[in-house]
Amino acid sequence: MVCKLKRCSILAVSAILLAAAGTIVWHRSQRGTELKSHADRPPATDRSVVAPNKRTAKEVDSPIRFALIPRAETGIDFEYFGSPSDEHDMTEQNGGGVALFDADGDGRLDLFLANGSHFKRPAEAVGASHRLYRQVADWQFEEVTLPAGLQAFGFGQGCAAADYDNDGFCDLFVAHYEGNRLWHNNGDGTFADVTQAAGVANSSWGTSAAFADLDGDGNLELYVANYVDWTPDRVTSKRIPSPMDFNGLPDLLYRNSGDGRFESIGAEAGVAIVGEGKGLAVAIVDLDGDRRPDIYVANDTTRNFLFRNLGGLRFEEIGVPSGCAVSQDGSIGSSMGVAVGDYNRDGWFDLFVTNFAGEVVDAFTGNGPNGFIANNAELGLDPLSRPLLNFGIVLADFDADLWPDLFFANGHLWEDAAAGHQYRMRPSLLRNSGGKRFQDVTAVVGDYFRERWLGRAVAVGDLDNDGDPDLVVSHLLAPTALLRNDSRRAGHVLQLKLIGTRSARQPSGMRVDVVVGNQTIAVHISSGESFQASHDDRLLIPVGDAKTVDEVRVHWLGGETETWTKLPADELHHLIEGAGDPHSKN
């Protein structure tokens, strides 16, 4: 990826770094000052803050619609425990993670929700466990936490669901403040805590995690983004602690040895950067087309990382020369979440990164081995996102018009009327206008979008198996939201489930090309992404008017490409490695 990038002028790179460093002072006023300092700024009126979401139906319309399914119908009565509180502990800011995966192999997505705790009111004392909900019918769930063996307490953060031992059953990793957990799926509806036996016990503050086969040996590695070195006894002069007050923790990378155990190799692999990393989100995907998954990490108040996969579990950090480490104006963001996809259909994957209030949602348009171009302003994201504090983000084609749309959850960290900002915020839904610009359609896509929330994690998946992407959004001070996609579809949708044999059985981070007529649609199986979330691993690929897809090219991470031809749209196909037609070998 860097062969052409290294030709860039050293002076140009230095200028970017100087500009980024200079903006840290501004970010201190955003994240690290005392609350009283906010009162010194001219207060923004409520109208000015929410103006992007207050357009009328006469001004904008959209085929995209979502329905909030009532708790009485879903049976999900979960509300994150332990925050916010008067203590303003840093553990109260992120909320809990969300995982959508088929826990029991019945073909329906189940839902795992990570719960929180409090130093003065521990979760165990009030029975505030993490929760697993089994889907028994469309949008109907039953809680099975205890019989599944998943009752656990603590400061739960992000989730990663994947089949790390290739036995056909999806396992579960949950990042925590003080004590990550790994559960092995026994295949009978129960899970076993294998944290110690698998070698992934760690007391750092883990936030988000992702599984992917990083060395092409058929076994999924585990990457854990770590946050900051904070403890509740670390007193600062500020009422609300900021990540800028504490050192960042190096991230963790575990090599999968293939026998149920993992080996920590972050330092020798080149991903354990001391001091700078304050990770809140991670995405793993092949960004430069070399068949090796790369790792992108969204950091809070430090530059974002892009680890180029060199092979052999060695990585090179190239975020700055690749153009995706800082915002378009050269500032270092307070990054929360990341979404990956090909929004402009040029065949290269792009990155979207959420940030703090007063900043913007970053758009990094990919150009393969030539890196990225930051163009959030040109896409119209700046005025829509700057007033909002964003967390989880999803890039998905909600109306099947071939152009992926953006959803991101919003909500502040603290309530302070004198500062002139909102506390609860409306979510954002931006419709992709032909890969040229994003249009804010939030006001017309459903009742949920007219209310204000403290939005945090967002997971996407086909919850009712009808071929379109639904959403799950976690909140503080409100129940988790299940949003059913009721959009008017513009065309047909191809549905794929990839199963590796020589490759990892669940090939996370892998690219698939779908050929329809004279166009090729590039998609990938998500690994990480959003914020503290784990998505459905099935692919939903809009194909326009085509009732049959000409060709599907599956680029297995082991190096071989296979093709399937003449697949009917609007049904789910299980593509098993070795069953297609060999296309090429590298």
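This one's a predicted model, so the numbers in the text were calculated from it and none came from an experiment.
Taking Asn202 as the reference, Asn180, Ser204, Leu252, Tyr254 meet the side-chain contact (heavy atoms from CB on, under 4.5 Å) condition, with sequence neighbours excluded. Considering only residues two or more places apart in sequence or on other chains, Phe408 meets the ring-ring contact (aromatic ring centres under 6.0 Å, His included) condition with none of them. Glu142 is linked by a side-chain contact (heavy atoms from CB on, under 4.5 Å) to Arg134, Val136, Val144, counting only residues two or more places apart in sequence or in another chain. The side-chain contact (heavy atoms from CB on, under 4.5 Å) search around Pro542 returns Asp397, Ala400, Leu402, not counting sequence neighbours. Asp188 meets the salt bridge (charged side-chain N to carboxylate O under 4.0 Å, His left out) test with no other residue; sequence neighbours excluded. Ala123 meets the side-chain contact (heavy atoms from CB on, under 4.5 Å) test with Phe81, Ser117, Ala128, Phe153; sequence neighbours excluded. Under the rule for a salt bridge (charged side-chain N to carboxylate O under 4.0 Å, His left out), Asp350 has no partner lying at least two apart in sequence or in another chain. Evaluation of the salt bridge (charged side-chain N to carboxylate O under 4.0 Å, His left out) rule for Asp167 yields no partner, not counting sequence neighbours. Annotation: salt bridge (charged side-chain N to carboxylate O under 4.0 Å, His left out) contacts of Arg131 (sequence neighbours excluded): Asp77, Glu143. The ring-ring contact (aromatic ring centres under 6.0 Å, His included) check on Phe307 picks up Phe305, with sequence neighbours excluded.
Among residues at least two apart or in separate chains, ring-ring contact (aromatic ring centres under 6.0 Å, His included) pairs with a member in residues 128-150 are Phe112-His130, His130-His176.
In this structure, a donor-acceptor pair under 3.5 Å is present between the side chains of Arg538 and Asn465. Looking at Tyr80 and Asn115, their side chains never bring a donor and an acceptor atom within 3.5 Å of each other.
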Could you pull out all donor-acceptor pairs under 3.5 Å where a side-chain atom in residues 154-161 meets a protein atom, sequence neighbours excluded?
from, atom 1, to, atom 2, distance (Å)
Gln157, OE1, Asn94, ND2, 2.9
Gln157, OE1, Trp205, NE1, 3.0

